[in-house]
There are 2 protein chains.
Amino acid sequence: MTSKQEFVEKLRNSSLRPTKQRINICEVLFNRDKTFHFTINDLFNLIKDKTGEKVSLATVYNTVHAFHKKGYLKEIPINSNQTYFDTNVTDHHHFFDVKEEKLIDLKNEDVGPIEIQKSIPGKKIKSVEVLVKLED
Amino acid sequence: MTSKQEFVEKLRNSSLRPTKQRINICEVLFNRDKTFHFTINDLFNLIKDKTGEKVSLATVYNTVHAFHKKGYLKEIPINSNQTYFDTNVTDHHHFFDVKEEKLIDLKNEDVGPIEIQKSIPGKKIKSVEVLVKLED
DNA sequence: TTCCTTGTTTATAATTATTCTAAAGAAGAT
DNA sequence: ATCTTCTTTAGAATAATTATAAACAAGGAA
């Protein structure tokens with residue numbers, strides 16, 4: 001359980017003003033035991049449900065992008081019409097259940113080391129992501 | 001160099017009628033040495049350039065989806081506003097140059113074996129894709 | 001051939017996710 | 001309090017994709 005005050009500090013430390021909306025979004029995103037996978041629309045609906053307060057869709061977009069930029073959220077590369085985010089920003093991978101459109105975390109140790117043995121001149125590796133698609 | 005007749009047969013074998021439009025699309029997609037990464041819009045523009053004939057955008061969508069369904073094209077999981085496809089349908093991976101929005105093939109042997117040591121009850125693995133993002 | 005059925009193409013409209021805009025409101029500093 | 005800057009918001013704009021339904025073409029049968 002993270003207190004509201006901690007979110008206020010987190011936001012201040014990131015030079016993001018601690019507004020009511022952002023704190024509500026923090027509650028929904030970060031006040032959890034497990035990692036959380038979501039689309040903007042998921043989040044938009046959850047905010048109303050969990051906090052009882054409505055935050056405009058534009059603000060949800062703004063805030064998610066701000067948090068992503070600050071490194072508090074990770075974008076998951078996946079083929080979907082919607083963009084998926086993850087509150088687990090550590091280096092890890094995903095299962096994607098195609099039928100249920102659901103993501104499941106895959107720990108690094110469940111995949112083993114991945115050694116990329118090719119390099120592109122002038123470029124460096126920013127991230128390595130494994131996506132394992134699941135079917136029935 | 002693949003002849004037009006071969007495309008006609010390929011289409012017939014897939015119970016797709018060999019129309020002028022589909023054959024043109026085949027020429028652009030499959031008459032190449034190297035693997036080809038593209039978005040629908042890339043392809044739409046290339047058809048005009050390479051064949052001199054215009055195919056409607058809707059037909060490009062229809063055909064790409066039909067070819068994807070038949071297994072002649074692979075969809076690449078990536079976070080982009082556009083969907084990327086690949087004419088290389090073998091099991092392999094990708095670099096994505098984030099700045100230039102360009103994909104580069106990564107052979108399986110350049111990545112090494114990936115062993116997924118977690119399983120989800122009732123589900124089986126459909127595909128394993130590695131995406132390596134590149135930055136300058 | 002000619003006719004018939006079914007599949008295909010097409011322009012255009014509809015849909016959907018996301019971004020933009022500009023005005024009103026709130027936070028923080030002085 | 002006042003001022004500046006950041007934030008929120010509704011709604012408009014954009015862009016990719018999908019749906020629609022009418023015209024058209026392919027393939028088969030007579």
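Chain naming here is simple, since letters A, B, ... match the order of the sequence lines and numbering starts at 1 in each.
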Nucleic acid footprint by protein, nucleotides 8-23 of chain D - heavy-atom cut-off 4.0 Å, B for base, S for sugar-phosphate alone: BBB-----SBB-----
Any donor-acceptor pair under 3.5 Å linking the side-chain atoms of [Y] with those of [X]?
X: B/Asp42; Y: B/Thr39; value: yes
X: B/Thr90; Y: B/Asn88; value: yes
X: B/Asn108; Y: B/His92; value: no

Pairs flagged by side-chain hydrogen bond (donor to acceptor under 3.5 Å, both in side chains) wherever residues 9-22 of chain A is involved - sequence neighbours left out: A/Ser14-A/Tyr72
Pairing of B/Lys99 and B/Asp136 as salt bridge, 4.0 angstrom limit: yes
[X] has an atom [atom1]; how far is it from atom [atom2] of [N], in whole Å?
X: B/Ile47; N: C/dT10; atom1: CD1; atom2: P; answer: 10 Å
X: A/Asn24; N: C/dA26; atom1: CG; atom2: P; answer: 15 Å
X: B/Phe67; N: C/dT8; atom1: CZ; atom2: P; answer: 11 Å
X: B/Leu11; N: D/dA25; atom1: CG; atom2: P; answer: 18 Å

Donor-acceptor contact present, side-chain A/Lys118 to main-chain B/Asp105, <3.5 Å: yes
Distance test, side-chain N/O of A/Arg12 to OP1/OP2 of C/dG28, below 4.0 Å: yes
